[in-house]
Each structure stands twice: as C-alpha cells, then as structure tokens.
Amino acid sequence: MQSTDTPLLTSLRSPRVVAARRLAKRNQRTKERRFLAEGPQAVREAVAFGKLPGSADHAVVEVYATPEAAERHAGIVAAARAEGIAVLTATDEVIAEICDTVTPQGIVALCRFIDTPFDEVLKARPKLVAVLAHVRDPGNAGTVLRTADAAGADAVVLTDASVDLYNPKAVRASVGSLFHLPVAVGVPVEDAVARLREAGVRVLAADGAGERDLDQELDEGTLGAPGAWVFGNEAWGLPEETRALADEVVRVPIHGHAESLNLATAAAVCLYASARAQRSSGGCRAARP
C-alpha cells in the first residue's frame with residue numbers, strides 16, 4: 001500500500017530527509033522545536049495526541065514509512081490521514097538515514113515539541129509527580145517517564161540540569177508515554193521543589209543515604225498525601241543542597257545483599273508505593289469531595 005500523499009522518497013539528499021536527519025542534534029531540535037518519534041507505538045501515540053493545546057497545529061507534522069510498514073501499520077496510517085497529517089512513503093535507506101536506531105521499524109513521525117509549562121502542571125493540582133534532577137542518561141529518563149505514566153502520575157518534570165526530553169533515546173525509551181502525560185522541562189530544581197511545596201505537594205528526595213526508608217513511609221501512612229519524588233543522577237545521586245530542599249529524604253530499603261538499585265528500578269518502587277497509598281482508604285485519590 002503506497003501513500004498517495006507524495007511520491008516515494010528515494011534520495012538521501014531530499015530536503016525533507018536532510019531536515020529530518022538534522023534533528024539528531026539537540027541544538028537543531030531546540031531551534032526548530034521539532035523531534036522524531038520512531039516505531040509504530042510512538043507514532044500511534046503521537047497521532048492520538050491530537051492538536052497542541054491552544055493551537056490549530058497537530059503534534060505530528062508528517063509521517064514517514066516504508067511501503068511495507070505502511071501496509072503493516074495501516075491503522076496508524078489511516079488515523080494520521082484522518083487527522084490531516086501527510087504520510088510519506090520512503091525507501092528503507094531513507095528511513096535508516098532519518099532514524100537513530102540501527103534497525104529501524106520502518107515508520108517515524110516528525111513531531112512538534114509537546115512539553116507543558118510548569119505553571120500548567122501546578123494549575124492542574126497534581127497528586128503524584130516525578131522530578132528528574134541531574135538525570136543525564138536519556139534511556140533512564142525515558143524509562144522513568146514510562147514508569148510514571150504506568151503508575152498513574154500526573155506529571156514529570158525534567159530540571160534544567162537533566163537530559164533533553166527529545167533525545168531520540170529518551171523518546172524511544174518512553175515507548176509512547178511521552179504523549180500521555182504532561183512533562184515540564186528546563187525547570188531549576190530549586191524552583192520545582194519550592195513551587196510544588198507551595199502547591200501543597202509533599203516533596204520526597206529518593207536517596208540511598210536517606211534517614212527514613214520507604215517501609216516507614218508506608219507503615220505510617222504518609223504517602224497517601226499529594227507527593228513528588230525527586231530522583232537524582234545515575235552515578236552520584238542527589239547533591240546535599242538538593243536533598244536539603246525536600247521535606248524528607250527517603251531510601252528504598254535493601255532487604256537482600258544487592259549493593260543498590262538502578263535509577264529506573266528505584267523510581268518504579270517509589271512511584272508505585274505512592275500510587276498504592278494514594279488509592280487506598282484515606283489516600284488523596286480515594287478521598288471523596
């Protein structure tokens with residue numbers, strides 16, 4: 001099934017292909033406020049995202065797919081066209097040139113930036129937030145975003161010292177979750193913590209050196225209130241000045257002999273603990289108006 005939107009893209013020097021490939025660089029993504037979402041799951045969720053808030057523009061500018069991928073993912077192609085999004089067919093070589101992966105899945109979307117202003121996050125009165133402070137690995141950032149989405153978090157915040165949300169590896173690791181929940185970017189960690197606390201959100205710093213552990217928080221019922229977890233750098237955790245900003249510094253207890261947990265695993269444990277507490281009797285999500 002070949003798209004009738006445009007002829008088959010075959011040249012690696014096509015202006016469209018060159019422009020898409022430039023988005024591998026962060027400065028180019030920032031300049032154009034565009035990024036690429038690779039693979040059927042990401043493209044499906046990007047198309048389903050719809051129009052940008054307060055704008056007539058759709059989040060997706062256009063979709064590129066090999067003829068085989070367009071046929072295999074006919075539902076995605078149909079949904080894109082129903083939204084007025086152009087679907088361009090391209091050779092395997094063109095898709096490989098555009099994509100960041102070694103073995104592309106044959107379909108990729110060119111998207112506009114979709115991050116949410118931090119003011120809008122706070123205005124929505126969030127009950128569960130993941131704050132990534134000094135997180136530098138794009139795969140970890142995307143995985144935590146996916147975990148936050150699965151746990152039912154209301155938002156994710158990437159501080160100004162963290163990796164670019166639109167890094168291809170981060171987008172890929174989110175497996176479409178980037179398009180599911182509000183993500184604020186570029187917020188200084190001090191501002192993020194201070195304004196969350198002003199909004200009535202209890203801020204917990206996740207750190208292996210915490211005086212309190214997660215079991216205590218669960219046993220005492222303190223996780224049922226609106227809360228935000230601050231997660232630090234993969235190698236050196238949270239600096240003392242960041243830990244000092246939080247209401248509590250909490251460690252995940254190690255009951256076995258493992259030296260520690262990696263960032264994504266620790267984030268999953270913490271976020272799901274809060275999600276469970278908030279949905280139990282007396283939790284902020286279980287409370288009736």
Side-chain angles (χ1 to χ4, degrees), residues 26 35 37-39 41-42 45 100-101 115 121 126-187 189 192-193 196 203-210 212-215 217-218 223 227-239 242-243 246 248-278:
R26 180 173 185 170
F35 70 103
E38 299 180 30
Q41 177 64 17
E45 302 309 317
D100 180 67
T101 49
D115 49 275
V121 169
K127 294 179 173 64
L128 182 57
V129 180
V131 179
L132 303 187
H134 313 286
V135 173
R136 303 293 174 80
D137 183 88
N140 277 337
T143 301
V144 173
L145 202 162
R146 181 185 183 186
T147 301
D149 178 23
D154 299 298
V156 173
V157 178
L158 271 72
T159 69
D160 56 355
S162 287
V163 69
D164 175 24
L165 171 65
Y166 302 108
N167 180 290
K169 292 181 181 178
V171 175
R172 199 158 57 248
S174 80
V175 197
S177 287
L178 169 63
F179 300 98
H180 293 168
L181 75 171
V183 183
V185 300
V187 185
V189 65
V193 172
L196 283 164
V203 178
L204 303 175
D207 193 275
R212 291 178 62 81
D213 70 32
L214 193 60
D215 287 347
E217 290 284 325
L218 288 167
L223 289 182
W229 284 96
V230 182
F231 303 107
N233 181 268
E234 297 83 355
W236 37 265
L238 289 168
T242 301
R243 295 198 298 269
E248 297 285 355
V249 181
V250 180
R251 69 182 185 277
V252 176
I254 304 293
H255 299 302
H257 301 291
E259 185 272 332
S260 64
L261 295 174
N262 65 28
L263 170 64
T265 303
V269 172
C270 294
L271 290 168
Y272 266 92
S274 287
R276 171 72 181 273
Q278 290 183 2

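In this chain, numbering begins with 1 at the start of the sequence shown.
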Enquirer: How long is the span from the CH2 atom in W229 to the CG atom in L204, to the nearest 0.5 Å?
Expert: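 Spacing of CH2 (W229) from CG (L204) equals 4.5 Å.
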Enquirer: Going by the salt bridge (Lys or Arg N to Asp or Glu O under 4.0 Å) test, which pairs reach into residues 248-260, not counting sequence neighbours?
Expert: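 Listed by first then second residue: D213-R251.
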Enquirer: When you compare the side chain of E234 with that of N262, does any pair of heavy atoms fall below 4.5 Å?
Expert: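 Sidechains of E234 and N262: no contact.
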Enquirer: So do V135 and V144 actually touch side chain to side chain, heavy atoms under 4.5 Å?
Expert: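 No, too far: nothing below the 4.5 Å cut-off.
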Enquirer: Between A37 and F179, what is the shortest heavy-atom contact and its length?
Expert: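 Looking at all heavy atoms of both residues, the shortest contact is CB-CZ, 4.1 Å.
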Enquirer: Flag the pair V156 / L181 as yes when at least one side-chain heavy-atom distance between them is below 4.5 Å, and no otherwise.
Expert: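 SC-SC contact between V156 and L181 confirmed.
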Enquirer: Of all residues at least two apart in sequence or in a different chain, which pass the salt bridge (charged side-chain N to carboxylate O under 4.0 Å, His left out) check with E45?
Expert: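 Expected list: none.
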Enquirer: So, S162 side chain and L158 main chain: donor-acceptor pair closer than 3.5 Å or not?
Expert: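 No, S162 side chain to L158 backbone: no donor-acceptor pair under 3.5 Å.
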Enquirer: If the condition is side chain to side chain contact (heavy atoms under 4.5 Å, CB included), which residues does A133 pass it with, not counting sequence neighbours?
Expert: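 Partners of A133 under the side chain to side chain contact (heavy atoms under 4.5 Å, CB included) test: T159, V189, V230, L238.
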Enquirer: Below 4.0 angstrom, N of the basic side chain to O of the carboxylate: do R172 and D100 qualify?
Expert: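 So R172 pairs with D100 through a salt bridge.
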Enquirer: Mind jotting down which residue pairs meet the salt bridge (Lys or Arg N to Asp or Glu O under 4.0 Å) criterion with at least one end in residues 150-161? Sequence neighbours excluded, please.
Expert: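 As it turns out, the salt bridge (Lys or Arg N to Asp or Glu O under 4.0 Å) pairs with a partner in residues 150-161, which skip direct neighbours, are D154-R285.
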Enquirer: Identify the heavy atoms of V121 and P182 that sit nearest to each other, and give their distance.
Expert: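 Minimum heavy-atom contact is CG2-CB, 4.3 Å.
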Enquirer: When you measure from the side chain of S274 to the backbone N and O of L271, does any donor-acceptor pair fall under 3.5 Å?
Expert: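 No, because the side chain of S274 does not come within donor-acceptor range (under 3.5 Å) of the backbone of L271.
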Enquirer: Just jot down the side chain to side chain contact (heavy atoms under 4.5 Å, CB included) partners of R26, sequence neighbours excluded, or say none.
Expert: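 If we apply the side chain to side chain contact (heavy atoms under 4.5 Å, CB included) test to R26, skipping adjacent residues, the hits are R29, T30, D164.
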Enquirer: Do the side chain of N233 and the main chain of H134 share a donor and acceptor less than 3.5 angstrom apart?
Expert: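 Side chain of N233 to backbone of H134, a donor-acceptor pair under 3.5 Å: yes, one is there.
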Enquirer: With the side chain counted from C-beta on, respond yes when V131 and L196 share a heavy-atom pair under 4.5 Å apart, and no when they do not.
Expert: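 Yes, side chains in contact.
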Enquirer: Please check if any side-chain donor atom of T143 sits under 3.5 Å from a side-chain acceptor atom of N140, or the reverse.
Expert: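 No - no donor-acceptor pair under 3.5 Å links their side chains.
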Enquirer: Looking only at non-hydrogen atoms, find the nearest pair between L214 and C270 and report the distance.
Expert: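 That closest heavy-atom pairing would be CD2-CA, 4.4 Å.
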Enquirer: Nearest 0.5 Å, please: how far is CZ in R212 from CD in E217?
Expert: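 The CZ atom of R212 is 4.5 Å from CD of E217, to the nearest 0.5 Å.
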Enquirer: To check you understand the geometry: which heavy-atom pair defines the closest contact between A170 and L165, and what is its length?
Expert: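 Looks like CB-O, 3.6 Å.
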Enquirer: If you look only at pairs with a residue in residues 129-151, which of them pass as a salt bridge (Lys or Arg N to Asp or Glu O under 4.0 Å), with sequence neighbours excluded?
Expert: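 Listed once each, the pairs would be none.
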Enquirer: Find the distance between CD1 (I254) and CG (L261) and round it off to the nearest 0.5 Å.
Expert: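 If we round to the nearest 0.5 Å, I254:CD1 and L261:CG are 4.0 Å apart.
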